[in-house]
Amino acid sequence: MAHAQLAHESSQETIAQFARYVIPNYRRFPVCLVRGEGSWVWDAEGHRYLDFFPGWGCNLLGHCPPRVVAAVREQVGQLIHVPNTWYMEPQGAFAQALSERSIGSHLQPGQCFFCNSGAEANEAAIKLARAHGHAHGRYKIVAMEGGFHGRTFAALTATAQPKYHVGFEPMVPGFVYVPYNDLEAVARVLDHETAAVLVEPIQGEGGVNIPGPKYLPGLRRLCDERGVLLILDEVQTGMGRTGHWFAYQQFGVAAEPDILTCAKALAGGIAAGVMIARAQVAEVLKPGMHASTFGGNPIACRAGMATIETIEEDGLLERGLAIGERFRSQFEALRRELPERIREVRVRGVMVGLDLTFDASDVVSECLKRLLLINATHGHVVRLLPALTISDELIDQGCAILADVLREMVV
Ligand SMILES: *Cc1c(COP(=O)(O)O)cnc(C)c1O
């Protein structure tokens with residue numbers, strides 16, 4: 001029965017199908033999701049879950065944001081895909097919108113290369129940095145311990161966490177690792193062969209690690225002094241999550257990168273990735289040097305435009321800061337109540353980390369039983385990437401569930 005209509009009535013049928021036909025490279029919860037709206041998502045049995053981690057950070061506007069749904073519906077009946085051998089208005093419009101909200105100026109606007117994922121955007125950034133440094137013998141990429149940049153080979157090599165490398169060696173040559181949030185360590189390794197420094201403004205998978213306020217501006221200065229490019233991986237922090245379009249903008253131009261990557265929330269949940277580069281850097285990429293077949297397709301670009309429109313018209317950058325403060329005050333109170341269980345609360349807009357003194361995976365499964373979806377990362381960190389559209393009422397409802405779980409947990 002290979003027709004396009006779906007017929008399963010229970011999660012179990014789908015789970016059995018996966019067991020036979022889908023490669024088991026993910027740890028999945030035994031739940032089949034069928035529908036979502038805002039911060040709610042429903043499974044095949046009709047249970048309704050409160051989602052504090054919609055789409056692993058991709059659904060920054062919640063499930064099925066209306067403007068994105070409308071834009072995609074309209075575009076899909078007009079033109080689904082054409083190759084990058086043609087011009088298409090949605091790609092140009094989205095590139096301009098991103099450029100105007102990120103790097104460069106009116107005289108020298110930042111320029112976009114579109115792709116479909118975070119790994120692909122970082123792969124493009126690493127290739128661009130290498131191409132840019134090539135004439136000067138600069139090829140090394142400095143990356144940070146605890147970072148995460150994706151699963152393709154160069155992005156994986158840049159991911160300085162041994163657990164992700166095991167079994168896939170040898171890695172790509174030319175990568176150098178230093179501790180995160182340590183400017184002196186970067187200064188020590190930069191040399192005449194260094195092409196770029198690659199860093200997340202806040203480490204996401206690494207545990208919601210927020211560097212000191214001098215770190216990003218310090219990296220910018222160091223890179224300028226040593227003739228090295230600064231690449232910011234904003235795949236997770238990007239497009240509105242931290243109260244700014246991009247997290248580096250908290251520091252204004254003092255932390256503006258030469259190359260910026262974004263994916264996850266870029267197009268309201270539709271697959272999309274982008275590398276934005278200063279025009280003077282981007283110009284080394286000539287036709288034929290890099291490409292992505294689906295990159296910048298009209299559906300993703302229309303979805304991206306609708307995402308920007310939603311964030312702007314609904315004032316969601318400011319709202320993101322208010323949501324963050326609400327989470328912070330709830331969890332700081334809880335930390336004072338449970339100091340032996342909660343080590344630290346780390347919040348930037350709708351990026352929230354609760355550093356626990358014990359493994360967080362049981363907290364995730366206990367919350368699931370109580371119909372609250374959260375995430376654990378780096379072993380002991382509860383990570384929440386809630387939607388910018390979540391109401392105060394739902395924040396309080398979910399925080400109360402999580403607080404009960406943390407109080408009651410036997411550790
Ligand atoms: C998720 C993530 C990636 C990888 O993105 P994919 O779309 O899964 O390839 C890269 N960098 C950061 C910071 C991420 O959070």
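First listed ligand is number 1; within each ligand, the first listed atom is number 1.
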Is a side-chain donor-acceptor pair under 3.5 Å present for [Y] with [X]?
{"X": "Q91", "Y": "N84", "value": "yes"}
{"X": "T261", "Y": "N122", "value": "yes"}
{"X": "Q96", "Y": "R101", "value": "no"}
{"X": "E13", "Y": "Q17", "value": "no"}

>> D258 vs R220, test: salt bridge (Lys or Arg N to Asp or Glu O under 4.0 Å). Steps then yes/no.
In response: CA-CA 9 Å; D258 301 290; R220 178 67 276 176; 3.0 Å; yes
Element-labelled atoms of ligand 1 that are located less than 4.0 Å from some non-hydrogen atom of [X]:
{"X": "N122", "answer": "10 (C), 11 (N)"}
{"X": "Q236", "answer": "15 (O)"}
{"X": "A119", "answer": "4 (C), 5 (O), 6 (P), 9 (O)"}
{"X": "H149", "answer": "10 (C), 11 (N)"}
{"X": "D233", "answer": "10 (C), 11 (N), 12 (C), 13 (C)"}
{"X": "G150", "answer": "4 (C), 10 (C)"}
{"X": "S117", "answer": "7 (O), 9 (O)"}
{"X": "E200", "answer": "13 (C)"}

> Where is the nearest protein heavy atom to atom 6 (P) of ligand 1: which residue, which atom, and how far?
Replying inline: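 Nearest protein contact, heavy atoms only, for atom 6 (P) of ligand 1 is G118 N, 3.4 Å.
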> Starting from atom 12 (C) of ligand 1, which protein heavy atom do you reach first, and at what distance in Å?
Replying inline: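 Among all protein heavy atoms, the one nearest atom 12 (C) of ligand 1 is F148 O, 3.3 Å.
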> With only distance considered, is A263 within less than 3.5 Å of ligand 1 through an N or O on each side?
Replying inline: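 No - when backbone and side-chain N and O of A263 are compared with those of ligand 1, no distance drops under 3.5 Å.
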>> Just so I know, are the side chains of H149 and E200 near enough to count as touching, which here means a heavy-atom distance under 4.5 Å?
In response: yes
>> Less than 4.0 angstrom from a charged side-chain N to a carboxylate O is my criterion; do R48 and D43 meet it?
In response: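 Result for this pair is no, no salt bridge flagged.
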>> Heavy atom to atom 14 (C) of ligand 1, shortest distance: which of K264, Q203, E205, E120 holds it?
In response: K264
> Among D182, D233, N181, V186, which one satisfies side chain to side chain contact (heavy atoms under 4.5 Å, CB included) with M144?
Replying inline: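 By the side chain to side chain contact (heavy atoms under 4.5 Å, CB included) criterion, M144 pairs with just one of D182, D233, N181, V186: V186.
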